[in-house]
Amino acid sequence: MLDLPAPALFGQLLLGAINGAFYALLSLGLAVIFGLLHVVNFAHGAQYALGAFCAYLLLKFAGVPYWGALILSPLIVGLLGSAFERLFLRRLYDVDNIYQLLLTFSLALIIEGTLRALFGSSGFPYENPLPGGINLGFMFMPYYRAWVVAVSIVLCVATWLVIEKTKLGSYLRAATERPDLVRTFGINVPLMVTVTYGAGAALAAFAGVLAAPIYQVNPGMGANLLIIVFAVVVIGGMGSLMGSVVAGFGLGLLEGLTKLVYPTASSTVIFVVMALVLLLRPAGLAGREVH
Amino acid sequence: MSGRHLGTTAAALALALLSGTGTSVSVRAQDAKPFKIGHLSDLSGMVVDLSGPGTTTSMRMAVEDFGGKVLGRPIELVTGDHLNKPDIGISLARKFYDEGVHAIFDVGITSVALGVQQLAREKNRAVIFLSTSSADLTGKNCSPNGIHWTYDNYSQANGAVRGAQERGGKSWYFLTVDYAFGVNSERDATAMVKAGGGSVIGSARHPFETTDFSSDLLKAQSSGAQVIGLATTTVHIANIVKQSDDFGIRANQTIAPLSLTLHDVKAMGLKTAQGIVSSNPFYWDENDQTRAFAKRYFERFKKYPNEVQASAYGAVMHYLNAVKAVGSEDTTAILAKMKETPINDFMTKDGTIRVDGRVLRELKVLQVKKPDESKGEWDLYKIVGTIPANEAFGPADPSACPLVK
């Protein structure tokens with residue numbers, strides 16, 4: 001590995017960080033939903049795609065530019081997510097986890113199938129709002145990708161702060177650990193759960209809007225990422241926000257390095273790490289053992 | 001919550017899946033026993049825009065224009081969605097043939113196509129491949145019962161390589177999807193590049209599930225190759241071209257997708273796709289006949305047809321004409337008739353079917369228009385050249401296909 005040219009190394013590391021930003025942002029939403037609701041949200045990839053489609057449709061039919069969509073699209077998907085939680089998911093909290101998994105998975109299939117039936121499989125272009133870039137000497141850094149990394153870090157830190165350091169966050173955490181007790185304090189627990197699921201879906205949609213100018217807006221865009229993101233969440237420790245974010249960036253970097261050293265393994269390296277983590281620390285790197 | 005419930009759920013899911021995969025569309029009232037033809041393809045999945053319900057539409061138009069009847073019997077078009085899964089695809093094909101379907105059209109994904117090729121031979125029925133690209137269908141997997149109608153990976157690569165080399169692209173770097181299709185395309189294209197006096201500097205492989213190509217693109221960029229050839233699937237091409245612009249690659253290098261359809265270009269948008277050169281057996285805006293067909297098709301399907309969807313019309317027409325001429329259900333006679341009759345329709349002039357099943361026709365070299373050259377949503381290409389039928393496709397290979405002597 002030492003004989004690698006430095007520019008290639010830095011280039012791949014930087015690209016790894018950019019991909020890591022996406023992994024982190026997506027796994028953050030999953031971790032929020034799992035950590036607080038104990039629901040494995042298989043619809044996350046579809047909600048990500050839905051976010052991107054929302055941005056595209058807002059632009060096409062309402063003339064809302066990228067920056068507006070970055071706010072509006074997560075709001076819309078968040079509301080849809082909340083409605084889904086209230087109407088369907090809520091009924092399954094008392095039964096085995098497998099039912100929630102089946103329900104969210106079916107939602108994912110429905111969303112993906114509907115988007116494909118309405119819009120076809122080729123997808124749509126989405127204009128890059130920050131064209132151009134800067135030559136860093138070792139690689140050409142597109143402005144838009146720098147923006148993606150920056151905004152992901154900010155959002156990850158902000159989400160962590162809200163949940164770990166604010167009063168709202170402490171209510172949320174308490175509501176999921178002891179809902180009955182928290183209710184006796186006059187806190188509307190069902191509402192908090194709805195909002196949490198909505199917020200998780202909104203995070204997925206936000207990542208979708210961020211992705212739109214880089215990838216095609218395409219019904220299948222979430223399905224491919226979801227598997228990797230699940231691996232990231234498992235490695236980070238199911239439900240641990242910090243764990244997911246760190247694992248997201250870390251695995252992005254690792255993937256970048258693997259592409260340089262042994263490209264064939266780049267698509268499997270994350271799963272190898274996942275297997276190792278599950279063997280050695282079944283609760284994940286930052287997860288707590290559940291007794 | 002017991003296993004019984006889970007069992008019920010699984011059974012319900014399985015039923016739902018089964019009912020979604022095979023439907024039958026009757027074209028005419030069924031007084032006499034219908035004459036059945038089948039459309040087997042991906043009707044709802046990853047590559048539905050390549051063929052899908054658009055091809056069904058086109059096939060139905062052909063059946064209607066033919067008069068809806070052959071051998072005095074109504075023609076019935078049966079459709080099946082194989083979901084890109086070999087087990088489902090091959091069992092559907094078996095079901096089709098067992099229920100009296102005389103010819104299956106389209107198929108798509110190679111894994112299913114190779115299975116249907118084998119099955120058609122066993123049952124002595126016809127299979128006419130439209131959206132399948134593997135040239136093995138007329139090579140080591142050739143069959144007297146199979147006709148490869150629209151294109152193959154050789155003809156697709158041929159146009160792209162010629163197009164780029166005519167514009168001075170001598171050194172190449174390939175981005176290749178890491179399974180049989182990509183590897184074969186890269187192999188064929190490499191041979192063409194070398195035959196044209198060029199060289200291949202290197203290649204990078206990506207798995208099918210990838211969405212981010214920046215790493216591979218940077219390698220291609222630092223290789224200094226004049227042309228970056230894309231031996232990958234339609235879904236990825238749009239992403240690669242789009243991402244290459246992020247890194248300013250096209251300022252110094254040319255990107256040449258080895259296969260590109262109308263809908264890929266539409267999906268990328270002209271701003272991204274402009275200038276890309278590819279080859280194609282069909283473009284809707286070529287002449288009055290193609291425009292007339294495209295207009296009729298658009299009225300029904302609300303999209304313009306690509307080469308697969310357009311060619312389905314001619315394939316069904318040519319097949320039905322052969323059935324009529326032969327005057328019986330005899331598959332061997334029908335196939336022989338198809339092979340001895342020249343193909344003439346709105347997209348094919350004096351096309352021929354080679355003994356290994358390869359349809360030979362002229363290809364158009366197409367260049368994607370600049371945004372200001374385009375006058376409408378579907379006005380995407382200009383035709384910049386043609387490749388004659390005898391140069392467009394790979395030569396028949398007696399060492400691979402025993403039908404060739």
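- Between Asn128(A) atom CG and Asp246(B) atom CG the span is 5.5 Å, to the nearest 0.5 Å.
- For Lys85(B), the NZ atom sits in a loose shell: 12 or fewer heavy atoms of surrounding residues, nucleotides or ligands are nearer than 6.0 Å.
- Gln216(A) CD to Met268(B) CE: the interatomic distance, rounded to the nearest 0.5 Å, is 7.5 Å.
- Side chains of Val48(B) and Arg116(A) form a contact here, defined as non-hydrogen atoms less than 4.5 Å apart.
- Interatomic distance, CG of Asn239(B) versus OH of Tyr215(A), reported as 8.0 Å (0.5 Å rounding).
- Contact check for Lys219(B) versus Gln12(A): side-chain heavy atoms found under the 4.5 Å cut-off.
- Residue Asn218(A) touches chain B through its side chain alone, counting heavy-atom pairs closer than 4.5 Å.
- Contact count versus chain A (heavy atoms, under 4.5 Å) is highest, among Lys266(B), His263(B), Gln243(B), for Gln243(B).
- No other option in Pro207(B), Ala204(B), Gly45(B) has as many heavy-atom pairs under 4.5 Å with chain A as Gly45(B).
- Put simply, OG on Ser215(B) and CG on Leu260(A) are 7.5 Å apart, with the number rounded to the nearest 0.5 Å.
- Proximity to chain B involves both the backbone and the side chain of Tyr126(A), based on heavy atoms less than 4.5 angstrom apart.
- For Asn135(A), the CG atom is densely surrounded, since the number of other residues' heavy atoms within 6.0 Å is greater than 12.
- Atom CG of residue Asp212(B) and atom CG of residue Leu15(A) lie 7.0 Å apart, to the nearest 0.5 angstrom.
- Your options are Ser122(A), Ser121(A), Gly256(A), and the one with the most heavy-atom pairs under 4.5 Å with chain B is Ser121(A).
- Here the closest non-hydrogen pair linking Phe140(A) and Phe247(B) is O-CD2, 3.3 Å.
- Per-residue heavy-atom pair counts under 4.5 Å with chain A were compared for Gly248(B), Gly54(B), Gly52(B), Ser44(B), and the maximum is reached by Ser44(B).
- Contact of Glu112(A) with chain B is not made at all, since no heavy-atom distance falls under 4.5 Å.
- If you measure heavy-atom distances from Pro213(A) to chain B, the contacts under 4.5 Å come from the backbone alone.
- Taking all atoms of both residues into account, the shortest heavy-atom contact from Ala267(B) to Gly123(A) is CB-O, 3.3 Å.
- The most heavy-atom pairs under 4.5 Å with chain A, out of Lys271(B), Gln221(B), His206(B), come from Lys271(B).
- Residue Thr211(B) touches chain A through both its backbone and its side chain, counting heavy-atom pairs closer than 4.5 Å.
- Side chains of Ser214(B) and Arg145(A) form a contact here, defined as non-hydrogen atoms less than 4.5 Å apart.
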